[in-house]
Trainee: 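Below are the structure tokens for one structure; questions will follow.
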Amino acid sequence: MTSRLSEIRLVLLGFGNVNQELCRIISTKSEQLRLCYGVNLNVVGVSDSRHALFNRKGFNLSSLVSTKQKEKTLESVASQQSVSKYTDTLEMMSKNWSNFELLVDSSPMNLQTGEPGLSCVRQALKRGKQVVLANKSPLVVAFDELTTTQDATKSCWIKYSATTCGGLPVINVITRDLMTNKNKPMCHLKKIEGIFNSTTNFILTQMFNHAKQSHKNTLAENNGPIHKQQHGSTFDRTLQEAIRRGIAEADPSNDIKGFDTCAKLYIILKSFGVRDIAFEKMKDQYTRGIDLVDDSLIQSALRQGKVIRLIAKAFPQPQSTQTHPPWNISVSPELVDEHSFLGRCEETDMCIQIETDLFDTISMKTNEWGVTPTAAAVLRDILSFVTDHTMQQQKAKL
Ligand SMILES: NC(=O)C1=CN([C@@H]2O[C@H](COP(=O)(O)OP(=O)(O)OC[C@H]3O[C@@H](n4cnc5c(N)ncnc54)[C@H](OP(=O)(O)O)[C@@H]3O)[C@@H](O)[C@H]2O)C=CC1
Ligand SMILES: N[C@@H](CC=O)C(=O)O
């Protein structure tokens, strides 16, 4: 932090939906941020797949976003006089360690290597920088390492509430309100169940709406059964709309095949201190996507008064006497009652039910249209660093 928290200088890794929306929010809320938090959030570094740019004075956020949106590249920003160019984000950071405080990783998901996020996050934490993640991959590949760095040094921090269910404060509720984390479990997790991916929930809901409508038309016109092709086009059309809204992954097969949901379930379980789970095994053995949902499954669900949702589920194996019992884990399309909590999670909604030994069952649901709540969750994490720091300063004065 510089000059008593008056300025936090940010480096943005990735400049797509999330980080552009973050810039828009910072820009429109700048006055409020100054008044309420005494802080000026200054974006000094930004990178995309082709450029890594640093401006010590800070970028003009409105023009940065509008340039990227209009030109699809940061080429014209790179040619500005005050801007330094680097080969990639790592080089940009390593030449500017004393010129920024916080890294925001909103780069694309790579569940195998965690890159490009992982190397940047590792280096930033080593250098005592604060890190906020929207990108799940670094945690999927190196959760213990990255969160232990935080515990051991006390001077650098990683926050990741935006990685899981957009703006829904799942991670915050676990680590703060259920007062449990991997090192200090106060209560014990008995079961997690939820819908963690809005793209697939949107597609499934639209497929059901379409099937219901076609059924009505069929009854009215006696037109024969619904053709599979109609479902196919609903699937594709809804996926295109999810991409347009900025909620689908850069590679949407991560949504469709359930990998994004699996990554979120892994992060949630690790945040709860669940041991002996391996992401690769969860993904390869216990995850199925919605690509398997076809016309006949939808028709059969409708006949039973049910709907299909992509459900993430985890609970310890019953009857286990071990202190850390093995976990039953699944990510799979499931039939649920249309009027149940999960069944009423529709369109781009996401939800979670957390059952613990002390708090019984806590249910949370979010109704998110697009990317704004995720970007707001990134801002929430940035501001929580500000609040933590202010409290530390006040304590030091006492
Ligand atoms: N969108 C959402 O609703 C949510 C997204 N997330 C996560 O946040 C992350 C970002 O999502 P989103 O903004 O939608 O993704 P986008 O695909 O819109 O943006 C990704 C950005 O990363 C850039 N990029 C690609 N490779 C590199 C690289 N090697 N170095 C630096 N930048 C690179 C891309 O560059 P270019 O512009 O040149 O293509 C693009 O600007 C993802 O990991 C996603 O899982 C989490 C919660 C919700
Ligand atoms: N692609 C995800 C958003 C990021 O986590 C979704 O559709 O929920």
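Both counts, for ligands and for their atoms, begin at 1 and track the order of listing.
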Trainee: Salt bridge or not for E347 and K365, using N-O below 4.0 Å?
Mentor: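 Answer for the salt bridge query: no.
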Trainee: Starting from atom 7 (O) of ligand 2, locate the nearest protein heavy atom and write down its residue, its atom name and how far away it is, to 0.1 Å.
Mentor: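 Going atom by atom, the protein heavy atom closest to atom 7 (O) of ligand 2 ends up being T199 OG1, 2.6 Å.
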Trainee: Is it the case that the side chains of D381 and S161 hold a donor-acceptor pair, with the cut-off being a distance below 3.5 Å and no angle test?
Mentor: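 The criterion, which ignores hydrogens and geometry beyond distance, is satisfied for D381 and S161.
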Trainee: With atoms numbered from 1 as shown, which atoms in ligand 1 lie under 4.0 angstrom from a non-hydrogen atom of V371?
Mentor: 1 (N), 2 (C), 3 (O)
Trainee: Among all protein heavy atoms, pick the one closest to atom 5 (O) of ligand 2 and tell me residue, atom and distance.
Mentor: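 Protein heavy atom at minimum distance: K136 NZ, 2.7 Å.
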Trainee: Heavy atoms only: which of Q20, E249, M350, E368 lies closest to atom 44 (C) of ligand 1?
Mentor: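 Minimum heavy-atom distance to atom 44 (C) of ligand 1 goes to E249.
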Trainee: Atom CG in L118, atom CD in E145: separation rounded to 0.5 Å?
Mentor: 6.5 Å
Trainee: Output the list of atoms in ligand 1 that are nearer than 4.0 Å to some heavy atom of S107, sorted by atom number.
Mentor: 9 (C), 10 (C), 22 (O), 42 (C), 43 (O)
Trainee: Just by distance, do the side chain of D294 and the backbone of L297 share a donor-acceptor pair under 3.5 Å?
Mentor: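 Yes; judged by distance alone, with no hydrogens or angles, the pair exists.
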Trainee: For S271 and I174, which heavy atoms make the closest approach, and how far apart are they?
Mentor: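 Taking S271 first and I174 second, the nearest heavy atoms are O-CG2, 3.9 Å.
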Trainee: Tell me the contacting part of D260 for ligand 2: side chain, backbone, both, or neither, using a 4.0 Å heavy-atom threshold, strictly below.
Mentor: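 For D260, the contact with ligand 2 is made by the side chain alone.
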Trainee: What atoms in ligand 2 come closer than 4.0 Å to a heavy atom of D255?
Mentor: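 This gives 1 (N), 2 (C), 6 (C), 7 (O) as the contact atoms.
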Trainee: Ring of F259, cation from K283 - is the NZ or CZ under 6.0 Å from the centre and inside 45° of the axis?
Mentor: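 Yes, K283 lies over the aromatic ring of F259.
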Trainee: Check each of G16, S47, P108 against atom 22 (O) of ligand 1 and report the one with the nearest heavy atom.
Mentor: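 Going through G16, S47, P108 one by one, P108 has the nearest heavy atom to atom 22 (O) of ligand 1.
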Trainee: With heavy atoms of A134 as the reference, note each atom of ligand 1 found under 4.0 Å away.
Mentor: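 Result: 6 (N), 7 (C), 8 (O), 46 (C).
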Trainee: Do the side-chain N and O atoms of N197 and D260 include a donor-acceptor pair separated by under 3.5 angstrom?
Mentor: yes
Trainee: Should you measure from each heavy atom of A162, which atoms of ligand 1 turn up under 4.0 Å away?
Mentor: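 This gives 46 (C), 47 (C) as the contact atoms.
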Trainee: Where do V170 and F196 land on the side chain to side chain contact (heavy atoms under 4.5 Å, CB included) test, with the steps shown first?
Mentor: CA-CA 10 Å; V170 176; F196 302 160; over 6 Å; no
Trainee: Compute the minimum heavy-atom distance from T163 to ligand 1 and say whether it is under 4.0 Å.
Mentor: no
Trainee: Looking at I247, which atoms of ligand 2 are within less than 4.0 Å of one of its heavy atoms?
Mentor: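 The list of qualifying atoms is 1 (N), 2 (C), 3 (C), 6 (C), 7 (O).
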Trainee: Would you say NZ of K257 has more than 12 non-hydrogen atoms from neighbouring residues, nucleotides or ligands within 6.0 angstrom?
Mentor: no
Trainee: Please state whether G166 comes within less than 4.0 angstrom of ligand 1, counting heavy atoms only.
Mentor: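 Checking ligand 1 against G166, which is what was asked, there is no heavy-atom contact under 4.0 Å.
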Trainee: Does some non-hydrogen atom of K68 fall short of 4.0 Å from ligand 1?
Mentor: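 Yes, K68 has heavy atoms under 4.0 Å from ligand 1.
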Trainee: If you count every heavy atom of other residues, nucleotides or ligands that lies below 6.0 Å from K29 atom NZ, does the total exceed 12?
Mentor: no
Trainee: Which pair of non-hydrogen atoms, one from C23 and one from L61, has the smallest distance, and what is that distance?
Mentor: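 Between these two residues, the closest heavy atoms are O-CD1, 3.7 Å.
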Trainee: Could you see which bit of P116 sits under 4.0 Å from ligand 1, with heavy atoms only: side chain, backbone, both or neither?
Mentor: side chain
Trainee: Between D48, D88, V378, which one has a non-hydrogen atom sitting closest to atom 30 (N) of ligand 1?
Mentor: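 Nearest heavy atom to atom 30 (N) of ligand 1 lies in D48.
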Trainee: At less than 4.0 angstrom from any non-hydrogen atom of G246, what atoms of ligand 1 do you find?
Mentor: 1 (N), 2 (C), 3 (O), 14 (O)
Trainee: May I ask you to identify, for T374, whether its side chain, its backbone, both or neither come under 4.0 Å of ligand 1 on a heavy-atom basis?
Mentor: side chain
Trainee: Using a 4.0 Å cut-off to any heavy atom of A250, which atoms of ligand 1 qualify?
Mentor: 17 (O)
Trainee: In the structure I gave you, are the side-chain heavy atoms of I329 and I277 within less than 4.5 Å of one another anywhere?
Mentor: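 Side-chain contact under 4.5 Å: yes.
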Trainee: Quick one: CE on M109 to CG on N135, what's the gap to the nearest 0.5 Å?
Mentor: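 The distance works out to 7.5 Å.
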Trainee: Relative to the heavy atoms of F15, which atoms of ligand 1 are at a distance of less than 4.0 Å?
Mentor: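 Taking each heavy atom of F15 in turn, ligand 1 has 21 (C), 40 (C), 41 (O) under 4.0 Å.
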Trainee: Specify the protein heavy atom at minimum distance from atom 11 (O) of ligand 1: its residue, its atom name, and the distance to 0.1 Å.
Mentor: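 Checked against all protein heavy atoms, atom 11 (O) of ligand 1 sits closest to V18 CG2, 3.7 Å.
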Trainee: At under 4.0 Å between heavy atoms, is it the side chain or the backbone of N197 that contacts ligand 2, or both, or neither?
Mentor: both
Trainee: Using a 4.0 Å cut-off to any heavy atom of L13, which atoms of ligand 1 qualify?
Mentor: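 This gives 30 (N), 31 (C) as the contact atoms.
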Trainee: Could you find the nearest protein heavy atom to atom 4 (C) of ligand 2 and give me its residue, atom name and distance?
Mentor: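 Looking at atom 4 (C) of ligand 2, the protein heavy atom closest to it is E249 OE2, 3.2 Å.
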